[in-house]
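Below, chains carry the letters A, B, ... as their sequence lines are ordered, and counting in each starts from 1.
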Amino acid sequence: MSSEYDPKQIESKWQKVWEKDLYNAETESTKPKYYALIEFPYPSGDGLHVGHPRPYIGMDVIARKRRMEGFDVLYPIGWDAFGLPTENYAIKTGRAPREITIENTDTFRKQIKSLGISFDWSREINTTDPKYYKWTQWLFLKFLEHDLAYKAKIAINWCPKDKIGLANEEVVNGCCERCGTPVEKREKEQWMLAITKYADRLDKDLDTVDFPERVKTQQRNWIGRSEGAEIDFETTTKEKIKVFTTRPDTIFGATYMVLAPEHDLIQKLKSQISNWDEVGEYIKKAKSKTEIDRTGDKEKTGVELVGIKAINPATKEEIPVWIADYVLPHYGTGAIMAVPAHDQRDFEFAQKYNLLIKQVIAPIFVDKVNPTIEGAENTERNGVIVLVKHWSEEKYLLNYSPKFNWKCLFTGGIEEGENPLESAVREIQEETGYQNIKEARYIPLEHVDKFHAPHKGVNRIVTQKNVFIQLADGEKREISQEEMDLHHLSWLTKEEMRETITLQNHLFIFNFEMSGGSSIPGSGILINSGKFNDMDSGFAQKEISEFVGGKMVTRFKLRDWVFSRQRYWGEPIPVIHCEKCGIVPVPEKDLPVMLPEVKNYQPTDNGESPLATISDWVNVKCPKCGGEARRETDTMPNWAGSSWYFLRYTDPFNDNKFASKKSLDDWMPVDWYNGGMEHTTLHLLYSRFWNKFLFDIGLVPTSEPYKKRTSHGLILAEGGEKMSKSKGNVVNPDNIIERFGADTLRVYEMFMGPFEQAIAWSEDSLVGPRRFIEKVWKLKEKVIDSKEEFFGSPNLHKTIKKVTNDIELMNFNTAISNMMIFVNALEKQEKVFQDEYEALLKLLNPFAPHITEEIWHELGHVTLLGFESWPDFDENKLEDNEVTIGVQINGKLRATLVLDSNSGEEETRLKALALPELAKWLEGQTPKKVIVVLGKIVNIVV
RNA sequence: GCCGGAGUGGCGGAAUGGUAGACGCGCACGACUCAAAAUCGUGUCUCGCAAGGGGUGGAGGUUCGAGUCCUCUCUCCGGCACCA
């Protein structure tokens, strides 16, 4: 049976066999069902390069393993001809996607097949097919029926170059995702899907699914849940301004209000605003700004509404009302209460326009060495912390206290009848000897220090005022030896101070003063807040919000989904506009609403769908009253078809339903869905939304469509850049298959690095996997039949265990490296038992299906290896007879010890201690302690 | 700014708190060969002739023992971002 390894011949042979036998799921079988899904493999104008197939290979490994484990596997393929790359290409070429995809999908199909990917080709579906999109339209009408689809006038993003409207997700940094042109805003009537109604569940249900943390976080960021309060502020004109805030506890510090320039109230109050000229001008300017201008401007601007005041419902004080474009119209209520002391944006604005800054939360610092002890008595004090500046240099006085090993500022208590400034001056004069003070002023920051005073057995809670002192000159009084021992003084620069100060509260104060003040973040104890003083800020939120008549609400950043496109391609939205009856859904029997054949697919200049000009198609009779009516000319986005394709895959040929209940019950939810990170806030979110809605109306069996989601890393070009045709750094998989074979390419792509991580392609490294495969091939010459009962070596059992687990964790690289280790070991043997070899072939089959299938048949089998059962391992046979363990002295490795694997602890200890190599380290010392970890290590402590 | 993820040889990367650098690439030497390729063997973190020492971005800490856990810090990648 000796022959040259010829991948080309072997691979084409088996690919033909599989097309009949392996790829097609046996849907009628009684085997347990397993649904593996991969993100749409879309054919793009750029063609396929080696960066593409890696995720398919990864999922193919899983799918092939599942088959061997006895599952009936649904592993489908389909394409979205409305998909972005195709659409992009369509815009460039002016041809309909339908024309383009035929050639691209053919190439793509061929390339994927040549890799031995075991997709279920028989279920291939195409979302441009009216048989498919009929059901997309039908599902849209379900949304309409349940008031989750509605029409609204909104500002859409318009790309002036491509002349098409863009969805939010197609706008990157204010520019068109395809061509980079800055987008304009246009007001248009658009179909919307009310995804915000599901925001809460889309967020919360993430807890119930097995997605990678980064995917969950990204979705949560996007959904943007925030808990807060809605509070009404009354104006002097008796209007109400509703604000949303996540920090109702800071309301006593709300010293002004800001409305978005678009806020409705402004027009209403026009007559009472005495500086309307200025205000009107500002509003006009704000509206003309694009989204980038507005968010790009870091310098805040605004205008006060003179003549209007609001009343802070907590303090009952009158506060000014401003408009500023840093407040966004579409988030919250479009109005805010500004708390400059505790919000950085408000702080910047207040500084610029000289508005009042009032601290209402004192941050708390708990001493790290002597933290407060629960149960101990709390005693309250007032104190002062003092920062001292040099009389002529940019230097500050550092106080080193040897007693506590503190490097800090100066602290002191406030005595009876003293104000904090006086205390500060007194402390400095006493502790440093410096007498002449040029300036003493408050640092506008108050905080609370908490620590335990062990000698008194009490907790101290000290409310600290902070004071800045600049000396007038260096004149110094003699100070007592006692004081000199307590305080070692040194003058340091700003940077040195920052590096030297060891107390975090002192450092905080220093940085606060050095930055010229800033907003005070976080939580703490309420101050200047009337009856809520001394309360914990987090705890006070609800109470304060009730006190001012507000209510706690949850808000989301997520906005409703703009579902209209003014483009030719895409499923026509199946409704008819009738003058008498209004919006009438197309009756089910008339679905699908097909796209008319047209000559020109180009978008129009006026932003209307190209369909609007086709009067034959547009003018119809109203299905309800039979009168004159017009079709909706907007089409759906590419995401419509892709939001439910995984449901259709379970039953792709059903003409009566979007999918039968039985198929859905059998296959859903998807057990494992792998896709790129770029779909996290798009396809993944949309399809979860659709599925949840369909679950609510009883059409699908589970509320989450995907049990487990993973995401792959991209393969980058050899230089580490993204592969793209325009950069000319693409690698064509055909060439690699031609030179090395598909099995080598598959093994390499799985071996090159962790699956979830981006990794650079390296042509040189391909030879490793090729050598490995050739070694496996050559091993067959050593095979002997194992006549007597076969137990398998510990090596085999270890390899089976490792490979089995690693595949589940998508640690394909280490799975392969373990098989390499095993093969290297077999190679050194004179003969190889057939059973052991066959087990190896099974393990390798998901990675290198062609060669393993070929060898399997050369060994005399007639059945397909792909349907053999996955090998088991025996926990009891994992152990070698001998183990090598390390022997350490004080944690340093000094020797190794070979032991019988079932040696006990005592035996291990004695043998380790008796090692001659250790003599020179022990030098007659008696070990204090010997730690024995069986089978791992012995550590001798001397 | 906020939220995630990651920093280990010449390179890709391995290491349930237990012998750091598995496996692969590359490189060096050797065998086979007239020769080369292929293949096989040996070696390959670093300083040192050696005994030994040092070493997982940096500084501390916990532990008998830390790449792994904790605190601080630096750098890189990804996402969100005047989001109240």
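- With hydrogens and angles ignored, the 3.5 Å screen pairs a side-chain donor or acceptor of A/K358 with a backbone N or O of A/F252.
- B/G65 and B/G10 have their P atoms separated by 29 Å, with the value rounded to a whole Å.
- With a 3.5 Å ceiling on both atom-pair distances, the Watson-Crick or G-U wobble partner of B/G4 is B/C77.
- In this entry B/C11 has B/G24 as its Watson-Crick or G-U wobble partner, both defining distances falling under 3.5 Å.
- Remark: the backbone N or O of A/T301 is paired with a side-chain donor or acceptor of A/Y282 at under 3.5 angstrom.
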Protein-nucleic acid N or O pairs under 3.5 Å, nucleotides 76-79 of chain B:
none

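- The number of heavy atoms from other shown groups lying within 6.0 Å of NZ (A/K407) does not exceed 12.
- Atom name P, nucleotides B/C40 and B/G78: the rounded distance is 41 Å, in whole Å.
- Using a 4.0 Å heavy-atom cutoff across all strands shown, A/N813 reaches sugar-phosphate atoms only and no base atom.
- Within the nucleic acid shown, A/N824 comes within 4.0 Å of sugar-phosphate atoms alone, with no base atom in reach, counting heavy atoms only.
- Rounding to whole angstrom units, CG of residue A/L766 and P of B/G24 are separated by 15 Å.
- Base pairing of B/U63: no nucleotide in any strand meets the Watson-Crick or G-U wobble criterion (both distances under 3.5 Å).
- Between the CZ atom of A/F233 and the P atom of B/A84 there is a distance of 16 Å, rounded to whole Å.
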Shorter than 3.5 Å, N or O on both sides, protein versus nucleotides 59-66 of chain B: list them out with atom names.
residue, atom, partner, partner atom, Å
B/C64, O2', A/N939, ND2, 3.2
B/C64, O2, A/N939, ND2, 2.5

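- Applying the Watson-Crick and G-U wobble criteria (two distances, each under 3.5 Å), B/U39 pairs with B/A31.
- The nucleotide whose nearest atom lies closest to any side-chain atom of A/S765 is, among B/C25, B/G4, B/A84, B/C25.
- Using modelled atom types, one side-chain atom of A/N312 and one backbone atom of A/A254 make a donor-acceptor pair closer than 3.5 Å.
- Residue contacts for A/S762: at a heavy-atom cut-off of 4.0 Å it reaches no nucleic acid atom on any strand shown.
- Among the protein residues, A/Q344 comes within range of no part of the nucleic acid, since none of its heavy atoms lies under 4.0 Å from any strand.
- Going from atom CD1 of A/I889 over to atom C1' of B/U19 covers 14 Å, rounded to whole Å.
- Of the candidate nucleotides B/C23, B/G18, B/C82, B/G18 has the atom lying nearest to any side-chain atom of A/I937.
- In this structure, A/T896 and A/T217 both approach RNA chain B, and ranking their closest nucleotides by distance from the 5' end singles out A/T217.
- Nucleotides B/G58 and B/C76 have their C1' atoms positioned 15 Å apart, rounded to a whole Å.
- Proximity of a side-chain donor or acceptor of A/Y5 to a complementary backbone N or O of A/K778 within less than 3.5 Å is not detected.
- Taking atom CD of residue A/E262 and atom C1' of nucleotide B/A84, one finds them 16 Å apart after rounding to whole Å.
- Contacts of A/R894 with the nucleic acid, taken as non-hydrogen atoms under 4.0 Å apart, involve only primed sugar atoms and P, OP1 or OP2.
- Inspection of the A/N221 and A/K557 side chains reveals no N or O donor paired with an N or O acceptor under 3.5 Å.
- No more than 12 heavy-atom neighbours from other residues, nucleotides or ligands sit within 6.0 angstrom of NZ on A/K204.
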Tabulate atom names and distances for all N/O pairs under 3.5 angstrom spanning the protein and nucleotides 26-32 of chain B.
none

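- Heavy atoms of A/T333 sit nowhere under 4.0 angstrom from any nucleic acid atom.
- Taking CD1 of A/I520 as the reference point, atom OG1 of A/T250 lies at 11.5 Å (rounded to 0.5 Å).
- Put simply, the side chain of A/K782 gets close to the backbone of A/E827: a donor and an acceptor are under 3.5 Å apart.
- Relative orientation of the A/F512 and A/F508 rings is parallel, given thresholds of 30° and 60° on the angle between their planes.
- Comparing B/A14 with B/G21, their P atoms are spaced 15 Å from each other, to the whole Å.
- Among B/G24, B/U16, B/U19, the nucleotide with an atom closest to any side-chain atom of A/T884 is B/U19.
- The main-chain N or O of A/S519 is found under 3.5 Å from a side-chain atom of A/Q344 such that the two form a donor-acceptor pair.
- Base pairing of B/G54 is made with B/C45, judged by Watson-Crick or G-U wobble geometry with both donor-acceptor distances under 3.5 Å.
- Using atom P as the reference point in both B/G53 and B/G57, the two lie 23 Å apart (nearest Å).
- Between the NZ atom of A/K802 and the C1' atom of B/U16 there is a distance of 10 Å, rounded to whole Å.
- If you check every strand for non-hydrogen atoms under 4.0 Å, A/K892 touches sugar and phosphate atoms only.
- For A/P754, the listed nucleotide lying nearest its side chain is B/A14; candidates were B/A14, B/C40, B/C82.
- Between A/L259 atom CG and B/A84 atom P the separation is 18 Å, expressed in whole Å.
- Between A/F751 and A/F772, the ring centre distance reaches or exceeds 6.0 Å.
- Taking 90° from 0 as the syn/anti boundary, the base of B/G7 is oriented anti.
- Taking atom CD of residue A/E348 and atom C1' of nucleotide B/A81, one finds them 14 Å apart after rounding to whole Å.
- Using atom C1' as the reference point in both B/G67 and B/G13, the two lie 14 Å apart (nearest Å).
- Atom P of B/U62 sits at a distance of 15 Å from the matching atom of B/U68, rounded to the whole Å.
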Apply side chain to side chain donor-acceptor pair (under 3.5 Å) to the pair A/N818 and A/T799, showing each step before the final yes or no.
CA-CA 6 Å; A/N818 275 281; A/T799 307; 5.8 Å; no
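- Side-chain atoms of A/K936 and base atoms of B/U16 include a donor and an acceptor less than 3.5 Å apart.
- At the heavy-atom level, A/I759 lies under 4.0 Å from the strands shown only through sugar-phosphate atoms.
- To the nearest whole angstrom, the two C1' atoms, one in B/G54 and one in B/U8, are 15 Å apart.
- Nearest nucleotide to the A/I336 side chain, out of B/A84, B/U19, B/G13: B/A84.
- Rounded to an integer number of Å, the gap from CZ of A/F847 to C1' of B/G24 is 15 Å.
- A side-chain donor from one of A/D560 and A/T196 sits under 3.5 Å from a side-chain acceptor of the other.
- Under the 30°/60° scheme for interplanar angles, the aromatic rings of A/F244 and A/Y331 are found to stand perpendicular.
- Remark on RNA chain B: of its neighbouring residues A/L893 and A/R247, the 5'-side contact belongs to A/L893, judged by nearest-heavy-atom nucleotide.
- Using a distance-only test at 3.5 Å, with no hydrogens or angles considered, no donor-acceptor pair links the side chain of A/H506 to the main chain of A/I501.
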